[in-house]
Amino acid sequence: MNKRKHMPSMTRRQMISMVGALAGSGASYKVMAQMGLADASPVMSRIPGSTRARPGSSVLVLGGGVAGMSAAIELSRVGYKVTLLEHNKRPGGRCWSIRGGDVIPELGGATQTCEFDKGFYLNPGPWRIPYDHRNLLSYIHELGVPLETQVQTSHNTLLHSTRAFDGKPVRVGTAGNAFSSSVAELLAKSTRQGALDQVVSKEDQEMLLEAMRSWGQLDADYTYRGGRKDDHLMPAKAITREELLKSGFWSQMQLADDYHDILMQPVGGMDRVAYALYGAAKDMVRLNSRVTSIRQDSKKVSVTYVDADTGANQQTVTADWCVCAMPLTVLSQMEVQVGAKIAAGIRGVPYSPAIKIGLQMKRRFWEEDDRIYGGITYTDLPIRQISYPSADMGTKGKGVLLGAYVIGNASAYEFTALSPQERVKWAVKFGSQIHPQYEKEFENGVAIGWHRQPWIMGCSAAWGGDLRTKHYENLRQIDGRIVFAGDHLSNLVAWQEGALTSSLDAVARLHQRALSA
Amino acid sequence: MNLIQPIRTAFCAAALISATLSPLALAESPPADMPFVPSAGGRNARLPLAEGKEIYSHICQGCHMADGRGGSLSPAAYPALASNAKLAAKVYPALVVINGQGAMPAFGTLLSDEQIAAAVNYVRTTFSNTYADSIASGEVRSLRPAGQTAPTDLRGR
Ligand SMILES: Cc1cc2nc3c(=O)[nH]c(=O)nc-3n(C[C@H](O)[C@H](O)[C@H](O)COP(=O)(O)OP(=O)(O)OC[C@H]3O[C@@H](n4cnc5c(N)ncnc54)[C@H](O)[C@@H]3O)c2cc1C
């Protein structure tokens, strides 16, 4: 019987896309969407300049992160009198960069002083910007913040597992090529044994075999035996399929490749974004001002605040409306006059753990010795990853590595539980299993455990289980004269873009309410 | 031919395979002097710690501190577990550990019934607490909400 009748012959393109499907680009897209990368956020419209605020109306904005500062900018643009209160002495909240000389106290009593040389920094929180975070990028472009590439995927970085290849790191590209070759060999074998006869026509099978041979660098008999010449990404001695499977590199390879091909960072540190917003909001912002209570009645909102340094000098400010862009964690520990449902939401959404550790090295050995220029090494050690700086490549002298970045898992708690010095010590210890140069080149480090930062008490809202169903819509409702904002009230939690989609949405709704009140 | 060209597709295949085959990473116990469990950083990895004291020092200590006295630095305060009257009813700390509260994450999906019981029993008998009764893992199980799932996957941030 002629199978063609039932199965039309595939075009070459269909064939290639089938290979893509076999190779799981669907799964890959899903992973990216979870990461908030594939799912472009909506461009939020700003309040039209033609709809002016009622003369004399005022708004208090609480919290000077990117959400609070954008709210202040948008509301003042249409005529509200805005006052913004921020606890820290710097603007930006989690949008933060740490440099030499910065003093960082934490819960538990420890204080770190960053000892980086001039010109170096650590972004302890946000560090990368995808191209489809359009609300963030529109502020960045409007305010003229220079961006540069942050290398994500490099085939010369390393995969490391304590349980594979005797604990020796393998280049991302070496493992990747071995994997392609193994898959190509299997697919060629299946094709030649007739396993694909039902789905691929004879003619197309020939093309598929040819494609597999060149893609997988297979020998004439479709066997994978290693590179034709000894190349460090395609060694002459093949890594076998069994070795690869056993290595458990899968999940790390997935991470190594599932980012955008390009991500961006502000030149000189993520806080350049914070300071650019601050530049536009400066007249409205009171730094070092810690909010201690939020009350409202039918006519106004009144907020008490103190000098954050001394806890003294309590003052009360009032306004017609309030945008509260402070973390839920902090709000759960103070008096906030809102309805029962919102109060339950404030108490009911816990925050995830995260740690980041920056390590200053005397020498850029990753470039000089290992030919690694930017990108990320993945490991199953508690540090999880080492990220090499994308700035100042090839310069002589020192450099700062991201020596550990652990988010949302058990190792993040373990790092948080240590003193800052111990965190750095262990990051160096673990890192030197991958780069023995650490021992000689390490100079100093700074380690942020996010649950120990008092103005946030965690990394970001940990929506899980049925928490979103229970609290999300409630927390987004305008309660009397107060609306809440921040990345926790978005679908892009732990992305600055989420903070902005939330605040732009919140101010638009508040403005409507104010005009119709 | 560019040797590194084929990698993208190959990694996508890895993504597919890992989605179906990835085993729950259950690592070996750590050496005594190491404050980490190897390989505990995997997504959904469990900590193979049985002793309440270990669970406390690997996790709870992050906020409640080594001496159980919590911490306070405005605007934040982490409650002390030392001499804490709220620990009198054993169910209360167990519920807070399972569900989280305020800045405290929910540990229901990270820790087993046995581990939660061990941690609760540890804090109720340490830091000047001397409660005589203890909670059993079966009681912890009965306190769990239906269908608790792990929080948002934050990898990629
Ligand atoms: C480890 C980590 C990695 C991240 N990676 C990325 C990334 O790569 N890219 C990205 O885009 N995003 C990333 N994010 C997420 C990003 O940092 C946040 O989504 C964003 O900065 C949140 O902004 P916000 O204004 O909502 O909140 P915040 O920045 O937290 O602002 C809240 C503000 O309220 C202030 N405040 C607290 N208490 C008081 C008080 N009592 N009185 C007055 N003010 C108070 C705080 O000081 C703070 O300034 C990351 C975050 C973390 C922690």
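Numbers restart at 1 for each chain; the letters A, B, ... are given by sequence-line order, proteins then strands. Here the structure is a predicted model, which is why all the values come from computation and not from measurement.
- With contacts defined as side-chain heavy-atom distances shorter than 4.5 Å, the pair B/Leu47/A/Tyr413 does not qualify.
- For chain A, the option among B/Gly108, B/Gly147, B/Ser57, B/Ala77 with the highest count of heavy-atom pairs below 4.5 Å is B/Ala77.
- For B/Ser74, the parts sitting under 4.5 Å from any heavy atom of chain A are the backbone and the side chain alike.
- Contact of the B/Leu73 side chain with the A/Pro105 side chain is registered, since non-hydrogen atoms from C-beta on lie closer than 4.5 Å.
- Chain B forms the most heavy-atom pairs under 4.5 Å with one residue out of A/Val406, A/Asp380, A/Leu381, and that residue is A/Asp380.
- You'll find the side chain of A/Ser352 stays beyond 4.5 Å of the side chain of B/Pro105, heavy atoms only.
- Side chains of A/Tyr405 and B/Arg157 form a contact here, defined as non-hydrogen atoms less than 4.5 Å apart.
- Between chain B and the options A/Pro382, A/Gly458, A/Ser332, heavy-atom pairs under 4.5 Å are most frequent for A/Pro382.
- With rounding to the nearest 0.5 angstrom, the CD atom of B/Gln61 is 7.5 Å from the CG atom of A/Leu418.
- At a 4.5 Å heavy-atom cutoff, B/Asp67 makes no contact with chain A through either its backbone or its side chain.
- Side-chain N or O atoms of A/His451 include one that pairs as donor or acceptor with a backbone N or O of B/Ala103 at under 3.5 Å.
- Of the two parts of B/Ala66, neither the backbone nor the side chain holds a non-hydrogen atom closer than 4.5 Å to a non-hydrogen atom of chain A.
- Looking at A/Arg347, only its backbone comes within 4.5 Å of chain B, counting heavy atoms on both sides.
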